[in-house]
Structure formats: C-alpha cells, structure tokens
Amino acid sequence: MKSQWQLLLIAIGLVLITLSPTQSGMYLQIISGLAFIGLGFYLLKKDKKK
C-alpha cells in the first residue's frame, strides 16, 4: 500500500515537469517536479531496504 503513494509522488512530479512549458512559472515547476520525483525514489529505496 505504501509503494502506491510513493509511485503517486513520482507520477505527480512527471506531470509537473511535462506541463511546465505551458505555465508561467516554468522553472519553479521543474524544480518542484524534480523534488517530488526525488522524494518518491528516496521513499521507495528506503522501504526496500527494510
């Protein structure tokens, strides 16, 4: 169940990066998308170690 939430974070990050050229705050959305993707990968790796 927890891995679904982590994959959702990664998906949200990818959507933010994909839609960033159409928005006014392009660089802010790219940075926040990368942050969501990084957090999702971090949490996935953290759970796999347990």
Side-chain angles (χ1 to χ4, degrees):
M1 180 79 170
K2 288 185 178 182
S3 66
Q4 292 176 351
W5 290 107
Q6 292 142 0
L7 291 175
L8 179 67
L9 285 175
I10 294 171
I12 289 172
L14 290 173
V15 167
L16 283 175
I17 290 174
T18 304
L19 294 177
S20 64
T22 62
Q23 303 294 321
S24 60
M26 182 174 90
Y27 296 112
L28 180 63
Q29 281 193 333
I30 290 174
I31 291 170
S32 60
L34 289 174
F36 275 114
I37 291 171
L39 179 64
F41 276 125
Y42 171 75
L43 293 175
L44 274 175
K45 294 219 182 234
K46 183 178 170 185
D47 280 348
K48 287 191 178 192
K49 287 183 180 180
K50 288 185 178 181

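Taking hydrophobic clusters as Ile, Leu, Val, Met, Phe, Trp and Tyr residues chained together by side-chain heavy-atom distances below 4.5 Å, L39 shares a cluster with W5. Linking Ile, Leu, Val, Met, Phe, Trp and Tyr whenever their side-chain heavy atoms come within less than 4.5 Å leaves L8 and F41 in two separate clusters.
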Could you tabulate the donor-acceptor pairs under 3.5 Å formed by side-chain atoms of residues 29-37, not counting sequence neighbours?
{"unit_1": "S32", "atom_1": "OG", "unit_2": "L28", "atom_2": "O", "d": "3.1"}
{"unit_1": "S32", "atom_1": "OG", "unit_2": "Q29", "atom_2": "O", "d": "3.1"}

Contacts table for residues 13-20: side-chain donor-acceptor under 3.5 angstrom, sequence neighbours left out:
{"unit_1": "T18", "atom_1": "OG1", "unit_2": "L14", "atom_2": "O", "d": "2.7"}
{"unit_1": "S20", "atom_1": "OG", "unit_2": "I17", "atom_2": "O", "d": "2.8"}

